[in-house]
Amino acid sequence: MDKKRRNFLKIAGISTLAGLGATTGLGRLVGGAQSAVAATEEAATAEQGNAVKQNAGDTPCVNRYGMLIDVRKFREDLSLGERVVQACHQEHNVPNIPVKKDEIKWIWMTHYENAFPEQPHLYLDQTNVEFQLPILCNHCDNPPCVRVCPTKATFRDANGVVIMDFHRCIGCRFCMAACPYGSRSFNWSDPRPFLDDATMNKDFPTRTRGVVEKCNFCTERTRVGLQPACVEACGDTKAIVFGNLNDPDSEIRQMLKQHHTVQRNPSLGTFPSVFYIV
Amino acid sequence: MFEKALKGNNYYWMWLAFLGLIIAIGFVSYLRQYFYGLGITGMGRDVSWGLYIAQFTFLVGVAAGGVMLVLPYYIHNFRAFGRITILGEFLAIAALLMCVLFIFVDLGQPLRAFNVMLHPTPSSMLFWDMCVLLGYMFLNILCGWVILTAERKQVAPPKWIYLFVYISIPFAISIHTVTAMLYCGLPGRHFWLSAIIAPRFLASAFAAGPALIVVMALILKRVANFDAGKEAIDKMVTIIIYAAIANMFFLALEFFVGYYSQIPGHMHSLEYLFFGLEHHGHVYNNLVPFMWAFILLFLVGMALLCYPATRKGSDLWLGVGCASIFIAFWLDKGIGFVLAGFLPNPTNEITQYYPHLNELLIAAGVWAIGFFVLTILYKIAIGVEHEIEA
């Protein structure tokens, strides 16, 4: 009798442990997929004005920061693009490397056909052929780069922003292969010789060789209540609007309601947080 | 048993010295890369993986290929493989060592490599790849060593080792499956985003791995007086033929899906590899010669292996046939597959990859380390064989 009970307890204990292990393991694996479903479902509820709580992977994101880029404004003022890129790269000590293959860029101006290659158009309107628009990290709600990183060096913070831990990155560049938007750059050599000591931003770290970097939605600025550098560079033009997509009363949500906007290649299920008025 | 590796004729030492020289050159080149950064490679923002990761991918296949000897011998009791199973297991060890080294030389921050273990991330396929590669390496070292020791003492291997032998079989499949999953789960890389990548990897592995073992066996026959046996070689050639055909069949399916559906993303990389990709009036075709060499070598290899007179008549033609298949699939997977996946880049621009000389020297150095270890392991294995016979 005793022996039977012993065996029963053993089996019960082991199966409970196994069950627990399996659920957590599976939960982690499908975490990304669930959040994608959640995003679509919650889009409807958000419409009614409920606060939306989304979750990709491990980090519960209370906010989901997003950006709305009004491309028309960049056509009206041709120097705006340059100013925006300058502001960002100045703020984050992004080196200006002349060799094209070694380039590092967080935000840059490109043509419509390059930003939206999944929308090929034989007879594209003249404005979109001629003018450029800014592209940057989409801070996806279901980011492939976060999924593939073997060290959690890239992750989502509580604001839904995909950020990098430059000190943990091993430089395997899996995230660069996984990013379907080409938003990530790698330090192919020491970036510091390409920075000007006099104009460098001493408040933001420079990087070392061998790590990946990209736009961080200016977490260092938004944390202290400032707007991202690119948004600030736009002045009062409202060419870039930054805000919390989970807050139905935010300016960005109001504008999204009023305008027809597009995202870069949304068919991949990444749920980009950067929207464009083209 | 290591003492067996310390006795050899002049050719043995000259061969090791030659490999040692290439290793030394590779090591110096690596120091250069280490202190400068990965900028002295052909890789860049658009083609962010290059020769290293391509070699890694191919060598995982070579390692997995050894299972084509282990499986028939231990599961189907195919006795003829008895003498050469150890060659497969030791080849796997050397190939896996090269895999680990190729990953290591590809890291931007190699000293942080252990972060993968410090911060295990189950959602990352690279984490799982590390697990199965190290697991398979451990299994092969364990099984190879225990079985060879038993053989030397002329006793039956201990029963418990068979458990590990049986575990090593699904592990061999898993290393290449998980390696395929590094690629085939990435959104927006159409060439890789194909469910057939894992089977295709396995097919090419089961051809390339045994092909290399046959070449090795033929060399050992000449230089070390080690005869693998006609039946074993013949069976291996059969395996190579079927696996090679399966690989080409899978490749043909990729062509069908791309060109019949006419979806540009599914055609671009194939177009670039085999015909040259036209983009804004410029044709990008730097890999075309390699891919047609792949097709040509496959056909030559198949002809030599399928035609009885060349397969059975002379070791030379048999060796050339197997070497052709091996090189063909190296061109396919060790060059084409990884590089073509990056074209065009996500913003529809095209950058062609050309390896840097320093990168080539490092890659040669890693290959030399692999062959150095392989030579020593084979020397030990054959030393034991000769000891038993004597």
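Atoms considered below: every heavy atom in the structure, side chains included; atoms not considered: hydrogens, waters and symmetry mates. Every chain is numbered from 1 and lettered A, B, ... according to where its sequence line falls, protein lines coming before strand lines.
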Participant: Do you know which two heavy atoms are closest between A/Thr151 and B/Val116, and how far apart they sit?
Facilitator: CG2-N, 3.8 Å
Participant: Is A/Glu118 in contact with chain B via its backbone, its side chain, both, or neither, using a 4.5 Å heavy-atom distance?
Facilitator: neither
Participant: When you compare the side chain of B/Pro346 with that of A/Pro180, does any pair of heavy atoms fall below 4.5 Å?
Facilitator: no
Participant: B/Tyr183 versus chain A, heavy atoms under 4.5 Å apart: side chain, backbone, both or neither?
Facilitator: neither
Participant: Would you say A/Arg173 and B/Ser48 are linked by a side-chain donor-acceptor pair, where the criterion is simply a distance under 3.5 Å?
Facilitator: no
Participant: I want to check something: taking the side chain as every heavy atom from C-beta on, are B/His280 and A/Glu113 in contact at a cut-off of under 4.5 Å?
Facilitator: yes
Participant: What part of B/Met130 lies closer than 4.5 angstrom to a heavy atom of chain A: side chain, backbone, both or neither?
Facilitator: neither
Participant: Considering only heavy atoms, which portion of B/Leu38 lies under 4.5 Å from any heavy atom of chain A: side chain, backbone, both, or neither?
Facilitator: both
Participant: Counting heavy-atom pairs closer than 4.5 Å to chain A, which one of B/Thr347, B/Val47, B/Leu186, B/Asp46 comes out on top?
Facilitator: B/Thr347
Participant: When heavy-atom pairs shorter than 4.5 Å are enumerated against chain B, which of A/Val99, A/Thr208, A/Asn114, A/Val211 gives the highest number?
Facilitator: A/Asn114
Participant: Taking atom CZ as the centre, does B/Phe250 end up with more than 12 heavy-atom neighbours from other residues, nucleotides or ligands that are less than 6.0 angstrom away?
Facilitator: yes
Participant: Which heavy atom in B/Gly188 sits nearest to a heavy atom in A/Leu268, and how many Å separate them?
Facilitator: N-CD2, 3.9 Å
Participant: So what's closer than 4.5 Å to chain A heavy atoms on B/Leu118: side chain, backbone, both or neither?
Facilitator: neither
Participant: For atom CG of B/Asn286, decide whether the heavy atoms of other residues, nucleotides or ligands shown that lie under 6.0 angstrom number more than 12.
Facilitator: yes
Participant: What are the two closest non-hydrogen atoms of B/Leu126 and A/Pro150, and how far apart are they?
Facilitator: CD2-CG, 3.7 Å
Participant: Verify the ring-centre separation between A/Phe174 and B/Trp49: is it less than 6.0 angstrom?
Facilitator: yes
Participant: Identify which of A/Gly182, A/Ser189, A/Ser185, A/Gly210 forms the greatest number of heavy-atom pairs closer than 4.5 Å to chain B.
Facilitator: A/Gly210
Participant: Which pair of heavy atoms, one from B/Gly108 and one from A/Phe186, lies closest together, and at what distance?
Facilitator: CA-CZ, 3.7 Å
Participant: Go through the atoms of A/Ser267 and report whether side chain, backbone, both or neither lie under 4.5 Å from a heavy atom of chain B.
Facilitator: neither
Participant: As an exercise, state the distance from CD1 of A/Ile170 to CZ of B/Phe104, rounded to the nearest 0.5 Å.
Facilitator: 10.5 Å
Participant: Quick one: pull up OG1 in B/Thr41 and CH2 in A/Trp188 and give me the separation to the nearest 0.5 Å.
Facilitator: 5.5 Å
Participant: Side chain, backbone, both or neither: which part of B/Asn115 has an atom under 4.5 Å from a heavy atom of chain A?
Facilitator: both
Participant: Of the non-hydrogen atoms in A/Pro117 and B/Asn348, which two are nearest, and what is the gap between them?
Facilitator: CB-CB, 3.8 Å
Participant: Would you compute the distance between atom CD of B/Gln33 and atom CZ of A/Arg209 and round it to the nearest 0.5 angstrom?
Facilitator: 10.0 Å
Participant: Strictly distance-based, threshold 3.5 Å: is any side-chain N or O of B/Arg112 a donor or acceptor partner for the main-chain N or O of A/Gly171?
Facilitator: no
Participant: By a 4.5 Å heavy-atom criterion (distance strictly below it), what part of A/Cys149 contacts chain B: side chain, backbone, both, or neither?
Facilitator: backbone
Participant: What is the minimum heavy-atom distance between A/Met176 and B/Arg45, and which atoms define it?
Facilitator: CE-O, 3.8 Å
Participant: So which part of A/Ala115 gets closer than 4.5 Å to some heavy atom of chain B, the side chain, the backbone, both or neither?
Facilitator: neither
Participant: Should we say atom CZ of B/Phe27 is surrounded by more than 12 heavy atoms from elsewhere, each under 6.0 Å from it?
Facilitator: no
Participant: Counting distance only, does the side-chain N/O of A/Lys101 pair as donor-acceptor with the main-chain N or O of B/Met43 below 3.5 Å?
Facilitator: yes
Participant: A/Arg184 versus chain B, heavy atoms under 4.5 Å apart: side chain, backbone, both or neither?
Facilitator: backbone
